[in-house]
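Just below is one structure, and these are the notes that go with it.
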Amino acid sequence: MADIGIIGGSGLTDLKNLEITRREVIRTPYGEPSAPIVFGKLGGREILFLPRHGPGHTIPPHQINYRANIWALKDAGVKKVIAVAAVGAITNLEPKLILIPDQIIDYTYGRAHTYFDGDSRQVKHVDFTNPYCEELREELISSIKSAKINAVFSGTYGATQGPRFETTAEINRLENDGADIVGMTGMPEAGLARELGLCYATIAVSANPAAGKSKEIIDIKQVEKTLEQGMEQVRKILEHAIPSIN
Ligand code: HPA
């Protein structure tokens, strides 16, 4: 059974080298996920793929049904989730840089962010000291090293609400808080994966210097172009990593 799920973000609505075997609409107690789950083979191994923003990239970050997405992956048998995410760089400003974060700060609001909504009578808490699964992080890091791809292997992801980009003052605040990268989808996704006991790690691709980190304002067309190139590296990492993941 396929036990690895990949959640594709902006710039990665499909995996070119995925030999698709079938698509399945999975219903959950929380509604429908962003898209039918794609079942296929990558690097000779069965995996599941889910485009976070929908097949045509139509669902904005604050309207993604994160609970349905994570639930559906678990329901389909997934144990490890590789989340791909486009981010802005606050530190390490080189474009197209891959970063495997090890910490996260949640600045989002108004999103359905937990499965423990008080309807099971008992209040439930989960440990989130290390929000990403260390085993999967290590597996990704060793694949990146063997593929000789330029990357940073730790850093803090600041999750903002979007869909607009941030102001310079907001980015300065995130930097003061210790954030290295900024994106709009890292939470509640990581927290929900932890609540369901899934091993979850993120491959972040820097698409632009965050607001105020370059002389120019953010050029959205350029962001899309940079992302396209960055996602080529992500595809390479996935092809290296998938066969060797435990
Ligand atoms: N901010 C938030 N999310 C992003 C950015 C950014 O600068 N770039 C890509 N996703």
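Whatever order the structure lists them in is the order used to number ligands and atoms, beginning at 1. In this text, all values refer to a predicted model and were calculated from it rather than measured experimentally. Below, all heavy atoms of this structure are taken into account, side chains as well, without hydrogens, waters or symmetry copies.
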Using a 3.5 Å distance criterion without hydrogens, assess whether the side chain of Arg111 forms a donor-acceptor pair with backbone atoms of Gln161.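 The answer is yes, because a donor-acceptor pair under 3.5 Å joins these two groups.
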How would you list, by chain and number, every residue that makes a salt bridge (charged side-chain N to carboxylate O under 4.0 Å, His left out) with Arg137, sequence neighbours excluded?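 With sequence neighbours excluded, Arg137 shows a salt bridge (charged side-chain N to carboxylate O under 4.0 Å, His left out) to Glu134, given in chain and number order.
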Is the centre of the Tyr115 ring less than 6.0 Å from the centre of the Tyr30 ring?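 Yes, they do, as the ring centres are separated by less than 6.0 Å.
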Check against side-chain hydrogen bond (donor to acceptor under 3.5 Å, both in side chains), His53 and Ser34: CA-CA 6 Å; His53 297 277; Ser34 299; over 6 Å; no
Pairs meeting criterion salt bridge (Lys or Arg N to Asp or Glu O under 4.0 Å) with involvement of residues 200-217, two or more places apart: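 Matches after skipping sequence neighbours: Glu175-Lys213.
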Dump the pairs for me: ligand 1 N or O, protein N or O, distance under 3.5 Å, to 0.1 Å.
unit_1   : atom_1 : unit_2 : atom_2 : d
ligand 1 : 1 (N)  : Glu166 : OE1    : 2.7
ligand 1 : 1 (N)  : Glu166 : OE2    : 3.4
ligand 1 : 7 (O)  : Asn208 : ND2    : 3.0
ligand 1 : 8 (N)  : Gly88  : N      : 3.3
ligand 1 : 8 (N)  : Asn208 : OD1    : 2.7
ligand 1 : 10 (N) : Ala86  : O      : 3.4

Just distance, no hydrogens or angles: give the donor-acceptor pairs under 3.5 Å from side chains in residues 198-205, sequence neighbours left out.
unit_1 : atom_1 : unit_2 : atom_2 : d
Tyr200 : OH     : Glu189 : OE1    : 2.6

